[in-house]
Amino acid sequence: MGGGVPSQRRGTPAGAPSSVSVRVENGWVQRSAHGRRVHSLGTSKGAGHDYTITVSTQDNGTMGYGVTTVQNVAKAVREALVPAGPGAARFTPASRPGEAFAAVPPQG
């Protein structure tokens with residue numbers, strides 16, 4: 001993950017400060033159902049904030065749109081985990097993990 005091609009160093013590293021070490025693995029595929037799928041898995045290590053981010057998308061009209069979506073999600077996650085500026089509130093995880101349920105439209 002760390003020895004990638006510099007021109008392909010996009011996706012989940014978006015918004016990472018230069019003081020951290022990032023690793024990334026990106027993937028994309030064009031499908032007949034759900035259009036182009038763009039995915040990115042990245043790790044960040046350093047400055048006291050080590051974490052992994054995975055973003056998966058589908059139904060992207062273009063590769064660029066998918067990459068932009070992945071990068072915007074990664075930036076939003078980073079800003080929530082390590083906010084900048086004086087008085088910025090940092091994300092605090094729940095004290096007890098809970099199960100997440102996917103939204104399902106009502107039947108009928």
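To the nearest 0.5 Å, atoms OG1 (Thr43) and CD (Glu25) are separated by 11.0 Å. In this structure, OG1 in Thr62 is found 10.0 Å from CD in Gln30, a value given to the nearest 0.5 Å. One finds the CG atom of Asp59 at 13.0 Å from the CZ atom of Arg31 (value rounded to the nearest 0.5 Å). For the atom pair Gln71 CD and Ser40 OG, the distance stands at 8.0 Å (nearest 0.5 Å). Between the OG1 atom in Thr57 and the NE2 atom in His39 there is a gap of 6.5 Å [rounded to 0.5 Å].
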Steps toward side chain to side chain donor-acceptor pair (under 3.5 Å) verdict (Tyr65, Arg36): CA-CA 10 Å; Tyr65 184 87; Arg36 185 177 298 272; over 6 Å; no
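Taking all atoms of both residues into account, the shortest heavy-atom contact from Ala16 to Val20 is CB-CG2, 4.0 Å. Of all the heavy atoms in Asn26 and Gly11, the pair that sits closest is OD1-CA, 4.2 Å. Between Val70 and Val38, the shortest heavy-atom contact is CG2-O, 4.0 Å.
Of the candidates Val73, Leu41, Thr12, Thr54 forms a side-chain contact (heavy atoms from CB on, under 4.5 Å) with just one, namely Leu41.
At least one side-chain heavy atom of Ile53 sits under 4.5 Å from a side-chain heavy atom of Arg78.
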